[in-house]
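One-based numbering along the sequence shown. Just so you know, these numbers come straight off a predicted model, no measurement behind them.
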Amino acid sequence: MFAAARSWGIIELVAGRRTNLGLLFALALAFATGWLAFAAGTGWGVGVVIAHGVLGLGVLVLTPWKSTIARRGLSKKRRGTNSSLVLTVLVVVSLLAGIAHSLGLTGRVAGLTVMQIHVGTAVGAVPFAIGHLVRRTAGVRRTDLSRRNLLRGMGVAGGGALLYGGIESVSKVFSLIGQNRRFTGSHEIGSHEPARMPVTQWLNDSVPSIDSGTWSLAVRTIAGERRWTLDELLEHRRSLTATLDCTGGWY
């Protein structure tokens, strides 16, 4: 009986380590693709944005296994438990904020947009994640690079893809605002209505003001420098319709 219990404990330990490795890679890749998504403004970025969503939702797929590991860990008195709990809260809030933004919940919470909460909590989780890794080292082993584990990873990615498709379907079935977001994930706000466009983002910087009588625009080229006053610029009547897509989550 003791041998059976010991064998089961070893199996749980191995399964737990693989779950932790899966979460590590999913979170790291979700973080990386999230920053790459900020650079997505044309068609090439579609895959990056979708990958970001699938990887983030893949973390949810691993939640049942991780919750078992966490309960077992909380039953023991170990250093760093509080910071691990903070890490968990930050990751959960970031995931929920990302899902909320995808569905079209673009309001503010405590003066912050949902996108600001999504990115802010993700960035805030980084030092806690590093600390967690230092305390709970689970390095990759040669035996981890097996076909079985590859299939498991594909299963997690497939689960994330199913959740991603489910969120998209919910938006369309219930005609949520999220169904009309741009491929970058941004929502339309104030097209052709400048007064409705958000005027501050991220650092809550103030809207710049100028003295129209003294302000000028300088353009320097190899041929020299040319300056235009504001009145001279306003004389131009050529117009261009363009899409302005902000990393704050609106276009």
Side-chain angles (χ1 to χ4, degrees), residues 11-40 42-70 84 87-104 114-115 118-119 121-123 125-126 128-130 132-133 136-173 176 178-179 181-186 249:
I11 291 172
E12 280 191 315
L13 181 62
V14 172
R17 191 179 64 80
R18 287 173 178 167
T19 297
N20 288 335
L21 283 175
L23 276 172
L24 171 62
F25 283 109
L27 287 171
L29 290 173
F31 189 82
T33 52
W35 286 108
L36 280 176
F38 277 153
T42 55
W44 69 265
V46 176
V48 173
V49 176
I50 293 176
H52 177 63
V54 169
L55 288 163
L57 294 170
V59 173
L60 293 181
V61 174
L62 290 167
T63 299
W65 291 274
K66 182 59 179 177
S67 62
T68 301
I69 299 169
S84 295
L87 170 62
T88 301
V89 171
L90 290 172
V91 171
V92 169
V93 172
S94 183
L95 287 171
L96 292 177
I99 293 172
H101 178 81
S102 297
L103 292 173
V114 176
M115 178 58 74
H118 174 61
V119 176
T121 49
V123 173
V126 171
F128 291 97
I130 293 174
H132 187 78
L133 282 173
R136 312 276 194 270
T137 303
V140 178
R141 300 174 184 173
R142 183 177 299 178
T143 54
D144 293 327
L145 305 176
S146 65
R147 184 174 63 179
R148 178 176 296 179
N149 287 334
L150 175 62
L151 292 174
R152 286 171 177 156
M154 292 174 63
V156 172
L162 286 174
L163 288 175
Y164 186 91
I167 291 174
E168 295 297 304
S169 298
V170 167
S171 295
K172 289 180 171 60
V173 170
L176 301 179
Q179 70 172 332
R181 72 185 189 279
R182 198 163 179 255
F183 73 88
T184 58
S186 296

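Residues satisfying the salt bridge (charged side-chain N to carboxylate O under 4.0 Å, His left out) test with R152, not counting sequence neighbours, are none.
The two residues L23 and L62 have their closest heavy-atom pair at N-CD1, 3.7 Å. In plain terms, the two heavy atoms of V61 and G159 that are nearest each other are CG2-C, 3.6 Å. Shown here for H118 and H52, the closest heavy-atom pair between the two residues is NE2-NE2, 3.6 Å. For the residue pair V114 and A100, the shortest heavy atom distance occurs at CG1-CB, 4.0 Å. Closest approach of F128 to L90, counting heavy atoms only: CD1-CD1, 3.8 Å.
Distance check, rounded to the nearest 0.5 Å: CG of L87 to CG of L133 gives 9.0 Å. Here the CG-CD1 distance, from L55 to I50, works out to 11.5 Å after rounding to the nearest 0.5 Å. From Y164, atom OH reaches atom OG of S169 across 11.0 Å, with rounding to the nearest 0.5 Å. With values rounded to the nearest 0.5 angstrom, R181 atom CZ is found 7.5 Å from H101 atom NE2.
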The test is side chain to side chain contact (heavy atoms under 4.5 Å, CB included); show your working for V123 and W35 and say whether it passes.
CA-CA 10 Å; V123 173; W35 286 108; 3.7 Å; yes
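Between F38 and V48 there is no side-chain heavy-atom pair separated by less than 4.5 Å. For the pair L60/I99, a side-chain contact is recorded, criterion being any heavy-atom separation below 4.5 Å from C-beta on.
Judged by distance alone, with hydrogens and angles left aside, the side-chain atoms of S94 form no donor-acceptor pair with the main-chain N or O of V91 at under 3.5 Å. Judged purely by atom type and a 3.5 angstrom limit, S102 uses its side chain to pair as donor or acceptor with the backbone of G98.
With L57 as the partner, the side-chain contact (heavy atoms from CB on, under 4.5 Å) test is satisfied by one option alone out of I167, L162, L95: I167.
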